[in-house]
Trainee: 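If you scroll down you'll find the structure; I have some questions about it.
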Amino acid sequence: MHLLIFLNSALLLVAFAAAVPTKTTTCTEEPAATTSSAAISSPSIPYSVVSVRSGSPIHLLSMQARNQNFYLGGLPGAYCPQPPLSSCPSGFDTIFAGLGGLSALVPGGQAIYARSDGSFGFTQAHSARYPAGALIGGYLTYSKTDGAQFGSLGTHAFGATGFMACPTEDQGYQVFAAVGNATAPEGDLAACLGFDALTVDETDLERGAWQYI
Ligand SMILES: *[C@@H]1O[C@H](CO)[C@@H](O)[C@H](O)[C@H]1NC(C)=O
């Protein structure tokens with residue numbers, strides 16, 4: 001399975017590289033700069049997240065914030081107070097910031113938490129409130145090789161070994177920490193699928209939202 005994941009990542013890389021204009025090289029540059037591979041464990045650039053589990057219904061879906069939860073696929077729940085604002089980012093993508101934040105423009109931002117049932121949620125705009133027993137901060141991991149196209153997001157919330165997605169009645173797959181005592185939405189933990197969470201740097205915040213709902 002890991003080989004398949006690697007192959008899929010490699011395919012993504014190839015697809016991505018094809019879209020990027022080729023850089024003109026000169027002969028005066030320092031040699032072999034691309035072989036240095038400093039590891040980054042804290043994201044400095046906002047990012048989106050894509051699920052990777054080949055041969056499954058959750059392969060290559062965007063992780064989206066909506067209904068105070070996170071799902072794979074579909075659109076985010078986004079809100080633009082217009083007026084008074086004259087315009088907002090498109091609200092078509094969920095963009096993350098740092099380890100445990102949404103890249104929402106609303107003053108105060110929006111934080112992501114892990115509920116004790118294993119699901120993830122996010123604070124409402126203008127509020128720092130989160131449910132009793134939830135973890136806020138310190139439960140996510142990030143790794144990326146300096147200069148690489150993609151990074152990897154992980155979680156050890158409540159002793160999890162990573163992420164899983166569980167089917168819901170009408171919202172596709174919901175994102176959970178992969179813990180044995182998670183409360184699966186349909187009551188069937190065996191229907192949940194573990195997945196790798198690939199991160200993609202996002203510099204165009206017009207793709208994000210003023211506020212996620
Ligand atoms: C699940 O187990 C973790 C780790 O023991 C615990 O912190 C969490 O509260 C448990 N969740 C529920 C819903 O019992």
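Position 1 is the first residue of the sequence, and the numbers go up from there. Read the numbers this way: they start at 1 and go in the same order the structure lists the ligands and their atoms.
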Trainee: Are more than 12 heavy atoms from other residues, nucleotides or ligands located less than 6.0 Å from atom CD of Gln68?
Mentor: yes
Trainee: Kindly work out whether a path of hydrophobic side-chain contacts (I/L/V/M/F/W/Y, heavy atoms less than 4.5 Å apart) joins Phe120 to Phe195.
Mentor: yes
Trainee: List ligand 1's nitrogen or oxygen atoms that come under 3.5 Å of a protein nitrogen or oxygen, with the partner atom and distance.
Mentor:
from	atom 1	to	atom 2	distance (Å)
ligand 1	2 (O)	Asn181	ND2	2.4
ligand 1	11 (N)	Ser116	O	2.9
ligand 1	11 (N)	Asn181	ND2	3.0

Trainee: Between Ser56 and Ile58 (side chain of the first, backbone of the second, donor and acceptor by atom type, cut-off under 3.5 Å), is there such a pair?
Mentor: yes
Trainee: Just so I know, are the side chains of Leu72 and Gln64 near enough to count as touching, which here means a heavy-atom distance under 4.5 Å?
Mentor: no
Trainee: If we only count heavy atoms from C-beta on, is the Phe150 to Thr199 side-chain gap below 4.5 Å?
Mentor: no
Trainee: Just by distance, do the side chain of Gln171 and the backbone of Tyr71 share a donor-acceptor pair under 3.5 Å?
Mentor: no
